[in-house]
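Sharing a structure below in structure tokens format, with a few things to ask.
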2 protein chains.
Amino acid sequence: MTSRLEALCMEKGLKMTGQRRVISQVLSEADDHPDVEEVHRRAVQIDPRISIATVYRTMRLLEDAQVIERVDLGDGRARYEEATADHHHHLIDTRTGRIIEFASPELEAMKERIAHELGYKIVGHRLEIYGVPLDDAADCARDEEERP
Amino acid sequence: MTSRLEALCMEKGLKMTGQRRVISQVLSEADDHPDVEEVHRRAVQIDPRISIATVYRTMRLLEDAQVIERVDLGDGRARYEEATADHHHHLIDTRTGRIIEFASPELEAMKERIAHELGYKIVGHRLEIYGVPLDDAADCARDEEERP
DNA sequence: CTGGGATTGCGAACGGTTTTCAGTATGATG
DNA sequence: CATCATACTGAAAACCGTTCGCAATCCCAG
């Protein structure tokens with residue numbers, strides 16, 4: 001079967017090799033924000049003859065073709081997600097590493113306004129919030145209990 | 001003369017070596033966001049016997065002591081600024097690389113609200129806006145006119 | 001002044017990423 | 001369907017910012 005991203009790649013006229021097909025499949029099935037090593041790990045499970053160099057190259061290719069987007073979470077390695085039409089941001093749970101996506105038109109508008117007041121036109125932006133669950137935070141003083 | 005940051009370091013009980021004094025001076029005099037190499041370059045001009053390793057070590061020390069703050073602008077290397085009480089963010093001019101600092105209580109409030117709605121308590125956050133000067137943007141408006 | 005723990009300079013090591021190069025596969029063409 | 005130029009791949013080396021190990025050196029409490 002042809003994965004979502006594979007179809008997108010073909011639309012964009014990219015040459016579809018076996019490795020690219022596998023990587024596209026991995027990315028189509030991912031619902032998280034894997035880094036290159038993780039993508040490679042998953043790809044190798046489908047076809048063991050895929051090298052990490054090819055994954056790096058393919059990620060860049062897909063990024064340039066705007067099929068995927070790089071997410072820099074400040075942890076020293078690039079993470080990726082499928083490109084989406086709507087701009088969104090990330091809230092990172094510092095306890096679990098879980099990443100929650102959110103969007104806020106108000107926030108977008110406010111950023112536009114701030115940039116405009118400074119005499120600038122926005123060409124890109126990025127917002128990350130690091131946080132801990134409210135209930136965990138409440139527990140902090142008198143923990144200890146394990147989270148489900 | 002004792003630089004602003006040197007005084008701060010002594011307050012915090014850090015052992016003041018010649019190298020640390022020089023690096024403190026460099027950072028006190030900086031009004032930009034230098035990376036480690038740049039700090040080293042400036043430090044060497046004052047005292048040539050300072051190694052890059054010491055600069056790296058000192059930057060980390062000062063960061064841990066909360067004398068300076070690391071700024072990750074996504075360009076692959078760490079940049080630094082003096083620690084300030086008020087939270088602010090950065091607008092990066094993509095033409096010149098100039099960095100403009102700004103703060104917005106409204107924005108802070110909105111982020112708190114968003115995090116709260118998602119069930120989280122904020123422990124950190126970061127916002128960067130990349131932009132081009134409005135007047136420059138007008139120059140090339142005809143190219144981008146049809147883009148939203 | 002002096003001694004010993006902290007700090008330094010050097011170079012080697014590191015982790016993520018890119019590149020080089022020789023061999024291989026792709027898909028346009030005949 | 002075979003051919004072929006071309007683009008792609010794997011493996012290893014190069015890269016780049018950063019950290020580390022170690023012997024020499026420095027700071028400052030005694």
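The basis for the numbers below is simple: all heavy atoms, side chains too, and nothing from hydrogens, waters or symmetry mates.
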For this session: Starting from the 5' end of DNA chain D, give me the residue, I52(A) or Q19(B), whose nearest nucleotide shows up first.
Result: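 With I52(A) and Q19(B) compared, the 5'-side residue is I52(A).
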
For this session: Name the closest nucleotide to the T58(A) side chain, picking from dC28(D), dT9(D), dT8(C).
Result: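 Taking heavy atoms from C-beta onward, the closest nucleotide is dT9(D).
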
Exercise. Separation of L61(B) atom CG from dT8(C) atom P, in whole Å?
Worked result: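 So the CG-P distance, L61(B) to dT8(C), works out to 9 Å.
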
For this session: Assign I50(B) to base, sugar-phosphate, or nothing according to its heavy-atom contacts below 4.0 angstrom with the strands shown.
Result: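 Contact class for I50(B): sugar-phosphate only.
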
Problem set entry | salt_bridge(E82(A), R4(A)) N-O dist < 4.0 Å |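 A salt bridge links E82(A) with R4(A).
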
For this session: Provide, to the nearest angstrom, the distance between the CD atom belonging to E37(B) and the P atom belonging to dC16(D).
Result: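 These atoms are roughly 10 Å apart.
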
Exercise. Are the charged groups of E108(B) and K111(B) less than 4.0 angstrom apart, N to O?
Worked result: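 Yes.
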
Problem set entry | Integer-rounded Å distance: dT17(C) C1' and Y56(A) OH |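 Rounding to the nearest Å, OH of Y56(A) and C1' of dT17(C) are 5 Å apart.
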
Exercise. When the distance from CG of D64(A) to C1' of dT18(C) is rounded to whole Å, what number comes out?
Worked result: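 So the CG-C1' distance, D64(A) to dT18(C), works out to 14 Å.
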
For this session: Select base, sugar-phosphate, or nothing to describe what R57(B) touches, counting heavy atoms under 4.0 Å on all strands.
Result: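 Base contact - R57(B) has a heavy atom under 4.0 Å of at least one base atom.
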
Exercise. Taking for each residue the nucleotide of DNA chain D bearing the nearest heavy atom, is the 5' side occupied by G18(B) or by R79(B)?
Worked result: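 Whichever sits nearer the 5' end wins; that is R79(B).
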
Problem set entry | d(NE2, H40(B); C1', dG9(C)) in whole Å |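 These atoms are roughly 10 Å apart.
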
Exercise. Are OP1 or OP2 of dT8(C) and a side-chain N or O of T17(B) less than 4.0 angstrom apart?
Worked result: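 For T17(B), the contact criterion (side-chain N or O under 4.0 Å from OP1 or OP2 of dT8(C)) is met.
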
For this session: Round to a whole Å and report the spacing from CG of L14(B) to P of dA6(C).
Result: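 One finds 14 Å between P of dA6(C) and CG of L14(B), rounded.
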
Problem set entry | Integer-rounded Å distance: dC28(D) C1' and R21(B) CZ |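 Whole-Å distance recorded here is 12 Å.
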
Exercise. Is the shortest side-chain N/O distance from R60(A) to OP1 or OP2 of dT19(C) below 4.0 Å?
Worked result: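 It does, given that an N or O in the side chain of R60(A) lies less than 4.0 Å from OP1 or OP2 of dT19(C).
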
Exercise. What distance do E112(B) atom CD and I122(B) atom CD1 have between them, rounded to the nearest 0.5 Å?
Worked result: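 Atom-to-atom, E112(B):CD and I122(B):CD1 are 4.0 Å apart.
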
For this session: Let me know the distance between CZ of R77(B) and C1' of dG16(C), rounded to the nearest Å.
Result: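 It is 16 Å, rounded to the nearest whole Å.
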
Problem set entry | Side-chain ion pair, D93(B) and R95(B), N-O less than 4.0 Å |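 Answer for the salt bridge query: no.
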
Exercise. Does atom CE of M110(A) have more than 12 heavy-atom neighbours, drawn from other residues, nucleotides or ligands, at distances under 6.0 Å?
Worked result: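 Above 12, so yes.
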
